[in-house]
Amino acid sequence: MASTETRYDTLRVTQAELVADAIVLARFESPTAAPLPPWEPGSHIEIVLPSGLVRHYSLCSDPDDPSHYEIAVLREPAGRGGSAEFHDGVSVGSDISVGLPRNNFTLEPATEYLFIAGGVGITPMLPMIRRADATGTPWRLVYGGRTRASMAFLDSVVALGSDRVSVFADDVEGRPNFAAEMGRLGAGAAVYACGPTPMLDLLTELHITQGVAAELHIERFVGESAGDITGETFEVVATRSGVSVTVGTDESILTALRPLVSHIPFSCEDGYCGTCETAVIEGTVDHRDSYLDDDERAAGDTMMICVSRCTGSRLVLDL
Ligand code: FES
């Protein structure tokens, strides 16, 4: 079962600068200059903002350099306030609680890689490209964005090899031909993609309909199950808190329990970040998250209470 505990360290922001339209690059270091916990390409960190909001961001620095972490944060005007708070309230000198790196987007060995990044989805690709270079594995990058000004790290990724990097700005080149890009790959190759949901949905569809031989690995910005939390009512028991409540047809377990149980950790409320992962003591889970893998779902001993429900009438949770 994956751990439900998150360890936080207080790290200091030592650099914060705009690196593209609405994208700030922030560097975190230990105030004591201690080396930071190790991580692998594809990892993200959890950040507790001054207001208490929790957000997750992919690491884009060098995993072989333990002196700092770097993340890139896109200001999302239509978001739920986390990115705006980061842009407006976090600056050089800020001390921020940062969780240990976690990795749900592991770079598996392959004969060659096709990296596909949409917008700020470039961030997890940077350490992956470094790792591919270090292992001598051939790679290509397809990087799309609205405009070149909105695309972070553009010059540095092109400098990695213009023959291996294809840039598609919507206002100049238009959209990439993903089917052709993936169709060139043979068995043993792998596609790693991160970006907006429509792009990832298209890649997933093409991967199936075009019979692409390469494996497809994607990381979503938002949960696949966003909004789909409805179902039959059931009873949920929080054993350690000694309370029970009926979860209504259109509310989540998290929503139902929060007035009764203090300090339930949560962040995305869309089933993709893993923050609200809770151990299941009794009952059968209707998994609706995009965080657990198939084996973890089948085991049924843990669940994301922000979106997942119960297939029966009663769930007992370790809360
Ligand atoms: S709060 Fe992110 S998975 Fe539940």
Side-chain angles (χ1 to χ4, degrees), residues 1-8 42-49 51-59 71 73-74 76 78-83 85-86 97-106 120-121 123-124 194 196-197 200 218-231 234 236 238 240-241 245 247-248 250-281 283 285-310 315 317-319:
M1 187 180 78
S3 168
T4 59
E5 299 288 333
T6 298
R7 189 192 106 194
Y8 294 95
S43 297
H44 66 271
I45 50 173
E46 184 172 290
I47 289 187
V48 184
L49 292 163
S51 66
L53 281 176
V54 178
R55 292 293 180 263
H56 297 82
Y57 297 104
S58 295
L59 288 165
I71 60 171
V73 180
L74 170 68
E76 298 179 84
R80 284 174 290 188
S83 67
E85 181 179 349
F86 195 98
S97 289
V98 177
L100 288 176
R102 297 182 64 164
N103 199 351
N104 307 320
F105 194 41
T106 306
V120 77
T123 49
C194 182
T197 295
L200 299 179
I218 60 175
E219 179 159 82
R220 293 182 181 275
F221 291 157
V222 299
E224 293 167 327
S225 57
D228 182 18
I229 60 162
T230 60
F234 59 94
V236 64
R240 278 189 285 122
S241 308
V245 66
V247 179
D250 59 356
E251 67 177 345
S252 68
I253 296 173
L254 178 65
T255 305
L257 281 179
R258 278 184 66 201
L260 306 171
V261 180
S262 57
H263 307 305
I264 303 177
F266 68 95
S267 174
C268 70
E269 295 184 78
D270 278 337
Y272 71 90
C273 74
T275 307
C276 70
E277 184 173 7
T278 301
V280 178
I281 295 170
V285 180
D286 173 6
H287 292 288
R288 301 188 184 188
D289 63 279
S290 53
Y291 182 84
L292 298 175
D293 63 27
D294 289 345
D295 290 341
E296 290 168 330
R297 286 164 192 258
D301 53 8
T302 186
M303 71 182 296
M304 302 303 142
I305 60 171
C306 64
V307 291
S308 296
R309 300 182 68 86
C310 174
L315 263 183
L317 302 177
D318 184 21
L319 262 179

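Nothing fancy with the numbering, it's 1 onward along the sequence. Values below: all heavy atoms of this structure, side chains included; hydrogens, waters and symmetry mates excluded. It should be emphasised that the depicted structure is a prediction, and the values quoted were computed from it without experimental measurement. As the structure lists them, so they are numbered: ligands from 1, and atoms in each ligand from 1.
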Could you check whether any side-chain N or O of Glu85 sits under 3.5 Å from a backbone N or O of Ser51, counting only pairs where one atom can act as donor and the other as acceptor? yes
Taking only non-hydrogen atoms of Cys306 and a 4.0 Å limit, the atoms of ligand 1 in range are 1 (S), 3 (S), 4 (Fe)
Atom 1 (S) of ligand 1 has as its nearest protein heavy atom Ser267 N, 3.2 Å
Worksheet entry | From CA spacing to verdict: side chain to side chain contact (heavy atoms under 4.5 Å, CB included), Arg240, Asp318 | CA-CA 6 Å; Arg240 278 189 285 122; Asp318 184 21; 2.8 Å; yes
Numbered in order shown, the ligand 1 atoms found under 4.0 Å of a heavy atom of Gly271 are 3 (S)
Quiz item: Taking Arg297 for the side chain and Val285 for the main chain, is one N or O donor matched with an acceptor at less than 3.5 Å?
Solution: no
For atom 2 (Fe) of ligand 1, the closest protein heavy atom turns out to be Cys273 SG, 2.2 Å
Using modelled atom types and a 3.5 Å cut-off, is there a donor and acceptor pairing between side-chain atoms of Arg288 and backbone atoms of Thr230? yes
